[in-house]
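Please read the structure below before turning to the comments.
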Amino acid sequence: MQASLLLLSSLQPPVIVTIPSVIIPPLLSHCYHHLPVQLGATMLGSNKMVVKKPKIVIIGAGMAGLTAANKLHTVTASKDMFELYVVEGGTRLGGRINTSEFCGDKIEMGATWIHGIGGSPIHKIAQQIHSLESNQPWECMDGNLDEPTTIAEGGFILNPSIVDPFTKLFNTLMDHAQGKKLSDSVSDTEKSELYSFYHKLAAKAFNMSATSVGSFLRQGLDGYWSSGSDKKQEELTGYGKWSKKLLEEGIFAMHENAQRTYTSAGDLLSLDYRAESEYQMFPGEEITIAKGYLSIIESLASVLPPGTVQLSRKVTKIEWQPERNHGPVNVENGYCSRPVKLHFNDGSVMSADHVIITVSLGVLKAAIHDDSGMFYPPLPSFKAEAISRLGFGVVNKIFMQLSPTHERKNEHSKGWFPSLQMVFHSPQSEMRQKKIPWWMRRTATLCPIYNNSSVLLSWFAGKEALALESLKDEEIIQGVSTTLSSFLSHKFCNGDVNSDDNSQGYGVKFSKVLKSKWGTDPLFLGSYSYVAVGSSGDDLDAMAEPLPKDKPLASPPLQILFAGEATHRTHYSTTHGAYFSGLREANRLLQHYHCLGIYN
């Protein structure tokens, strides 16, 4: 018997391809076996089938989804190979990229930085589309503000001689955890001193077999104290109730709080130590995008034909076929039915040969709950367990505009408002200023978004970030103002921080507030992923594994593919990680159809 395939092309008349089934080579036989389902074939008599284009649906119009769509379209557009759609549950493009404006400045509610310009595909695109320059001010246009003023609760400015040793200690410990070498810019003398002290402390902490980054850091701090290196230094005076050790611990905790926002781990004790060294960054400076991160998204989407991207299309259920159906071929509307069905919140249904899922890890965590019903049948255990073990945290930002009536009274500041590093008393300390709200105590900085800007920015992580989402603007203004009353007294050395006369500390007033809400947004349920204790880089690899897994009895291959930052082993939590994952899954499909002799 012979099998005949009628291949439909938009560029030429239909062609009958005849393949003797008894002599099909093994590889082609595998491809041919799946061809009726993948390409939507319908029977023309006993041995002929009409083949229609494979249908690919990408869920999510963020960086990963639009990168995959861009790649699939640009490579195959001239051949009209695929029926391609991007369905997005929200009303905008970008996902966790959300460029906005606040008080005339361009700001980022989500992704903010290009983490290293050396080799970054995001930086390359930004250069190509001329997004790195703008006449409009933008967030961090002058980079990370240098020489911040470090102030301890109560209004005590800390001399660099107090702060710098613990900044170096913290950075050295993190470099050790991340497998970095000492910077070549450090002098030989400094290297010798650092190796003989800080790196010995790091090595000692490492030998204690820390399971988390948090425990490793604290072992390093304890090692510093137990080494007796600071015993020769005199006890500090003139810092109110602050002792030397309390200040040192407060400075170290300030850096820990900053690290929480970098990683999204609400508690560094939950951040896996072993996996930290697998994370990779590009070399070079870290910069923001003048015309906004959204310009990258718009560039990727600009090549897609009208109608490809469909907004406000929230998927509520994904049906797939993990095992081969040995029954009769299911034919719908004259074509073999496609193996994946997407159900939407408006009741509509869309069938597909391949679905690339790019939703956040937070959404996937919600989807694997027993009562979710998002996947039918449920995801296999290897996938669900990886989703469950990996960490996904909440990081939020607040932007606050200084009132025009604010008077600059800080002679120490180079700009209108100082770039602050804030050292708090422990939340359990009896010496703490009790009027400062608990959600402020684990933020590390409050800074203008660029020098001389009237807009201030602060970052929050974990439960504090989540709590921020439910606060009213007035509550945020009151909480930040109360905090500043302790940190920015008129003389920068507050006598009685509980005094009502000091409630407006430093004369600071705010007129507007804007905050992100990534934790409670049902389309994200968090900000970005991290490798939690109990998880590993293997789980990130498992996240990238397509379904069904490659096995002889599987039904049509590559029904469900996964992309997004939480599917990249070395660049998770980043936009470029999402970009790479989108390319990976697009290439996976292109290579698959090259096997079928369609893609050249």
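What you see is a predicted model, and the numbers here were worked out from it, not measured in a lab.
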Has [X] got a side-chain atom pairing as donor or acceptor with [Y]'s backbone, closer than 3.5 angstrom?
{"X": "Ser295", "Y": "Gly292", "result": "yes"}
{"X": "Arg92", "Y": "Gly95", "result": "yes"}
{"X": "Lys291", "Y": "His130", "result": "yes"}
{"X": "Thr67", "Y": "Gly582", "result": "no"}
{"X": "Lys314", "Y": "Phe344", "result": "no"}
{"X": "Ser470", "Y": "Leu468", "result": "no"}
{"X": "Glu88", "Y": "Ala61", "result": "yes"}
{"X": "Lys515", "Y": "Leu471", "result": "yes"}
{"X": "Thr74", "Y": "Asn70", "result": "yes"}
{"X": "Ser581", "Y": "Ala578", "result": "yes"}

Count the heavy atoms of every other residue, nucleotide or ligand shown that sit under 6.0 Å from [atom1] of [X], and state whether that count exceeds 12.
{"X": "Lys517", "atom1": "NZ", "answer": "no"}
{"X": "Lys71", "atom1": "NZ", "answer": "no"}
{"X": "Glu133", "atom1": "CD", "answer": "no"}
{"X": "Tyr262", "atom1": "OH", "answer": "no"}

Checking [Y] against [X]: is there a side-chain donor and acceptor pair closer than 3.5 Å?
{"X": "Arg584", "Y": "Thr567", "result": "yes"}
{"X": "Ser302", "Y": "Glu298", "result": "no"}
{"X": "Ser516", "Y": "Asn396", "result": "yes"}
{"X": "Arg96", "Y": "Thr575", "result": "no"}
{"X": "Glu565", "Y": "Ser529", "result": "yes"}
{"X": "Thr99", "Y": "Glu108", "result": "yes"}

Quick test of your reading: applying ring pair (Phe, Tyr, Trp, His ring centres under 6.0 Å), list the pairs with at least one residue in residues 513-549, sequence neighbours left out, ordered by first then second residue.
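Sorted result for residues 513-549: Trp518-Phe524.
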Give, for atom [atom1] of [X] and atom [atom2] of [Y], the distance between the pair rounded to the nearest 0.5 Å.
{"X": "Gln401", "Y": "Ile477", "atom1": "CD", "atom2": "CD1", "result": "10.0 Å"}
{"X": "Leu342", "Y": "Ser348", "atom1": "CG", "atom2": "OG", "result": "9.5 Å"}
{"X": "Tyr85", "Y": "Ile56", "atom1": "OH", "atom2": "CD1", "result": "12.0 Å"}
{"X": "Met281", "Y": "Thr574", "atom1": "CE", "atom2": "OG1", "result": "9.0 Å"}
{"X": "Phe82", "Y": "Thr76", "atom1": "CZ", "atom2": "OG1", "result": "5.5 Å"}
{"X": "Thr308", "Y": "Leu84", "atom1": "OG1", "atom2": "CG", "result": "6.0 Å"}

Step-by-step side-chain hydrogen bond (donor to acceptor under 3.5 Å, both in side chains) determination, Glu469 to Thr520:
CA-CA 8 Å; Glu469 299 188 22; Thr520 53; 2.4 Å; yes
Give the C-alpha distance, both sets of side-chain angles, the deciding distance and a yes or no for ring-ring contact (aromatic ring centres under 6.0 Å, His included) between His354 and Tyr593.
CA-CA 12 Å; His354 311 283; Tyr593 282 101; 5.5 Å; yes
Do the side chains of [Y] and [X] get nearer than 4.5 Å, heavy atoms only?
{"X": "Ile368", "Y": "Leu364", "result": "no"}
{"X": "Phe392", "Y": "Ser264", "result": "no"}
{"X": "Val315", "Y": "Asn345", "result": "no"}

Would you call [X] and [Y] a salt bridge, using N to O less than 4.0 angstrom?
{"X": "Glu139", "Y": "Lys397", "result": "yes"}
{"X": "Lys472", "Y": "Glu475", "result": "no"}
{"X": "Lys55", "Y": "Asp353", "result": "no"}
{"X": "Lys383", "Y": "Glu545", "result": "no"}

Would you please test Met374 and His369 for side chain to side chain contact (heavy atoms under 4.5 Å, CB included) and show each step?
CA-CA 9 Å; Met374 173 63 77; His369 289 170; over 6 Å; no
With sequence neighbours excluded, residues passing side-chain hydrogen bond (donor to acceptor under 3.5 Å, both in side chains) with Tyr279
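By the side-chain hydrogen bond (donor to acceptor under 3.5 Å, both in side chains) rule, Tyr279 matches no residue at all.
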I'd like to check the side-chain hydrogen bond (donor to acceptor under 3.5 Å, both in side chains) partners of Thr288; sequence neighbours left out, ordered by chain and number.
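Expected list: Trp138.
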Within 45 degrees of the axis of the six-membered ring of Tyr376 and under 6.0 Å from its centre: does Lys317 put its NZ or CZ there?
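Pair Lys317/Tyr376 counts as cation-pi.
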Side chain to side chain contact (heavy atoms under 4.5 Å, CB included) partner of Ser535, the single match among Leu540, Asp272, Leu390
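The option that passes is Leu390.
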Check against salt bridge (Lys or Arg N to Asp or Glu O under 4.0 Å), Arg313 and Asp346
CA-CA 8 Å; Arg313 296 274 278 159; Asp346 61 0; 3.6 Å; yes
In chain order, what residues pass the ring-ring contact (aromatic ring centres under 6.0 Å, His included) check against His571, with sequence neighbours excluded?
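Counting only residues at least two positions away or on another chain, His571 forms a ring-ring contact (aromatic ring centres under 6.0 Å, His included) with Phe282, His568, His576, Phe580.
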By side-chain contact (heavy atoms from CB on, under 4.5 Å), which residues pair with Ala126, not counting sequence neighbours?
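For Ala126 the side-chain contact (heavy atoms from CB on, under 4.5 Å) partners, ignoring immediate neighbours, are Ser131, Leu132, Ile296.
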Step by step, work out the side chain to side chain contact (heavy atoms under 4.5 Å, CB included) result for Val531 and Leu271.
CA-CA 6 Å; Val531 180; Leu271 184 64; 5.7 Å; no
Using atom types as modelled, flag every donor-acceptor pair under 3.5 Å from a side chain in residues 457-466 to any protein atom, sequence neighbours excluded.
unit_1	atom_1	unit_2	atom_2	d
Ser458	OG	Thr443	OG1	2.8
Ser458	OG	Thr445	O	2.7
Glu464	OE1	Arg260	NH2	2.9

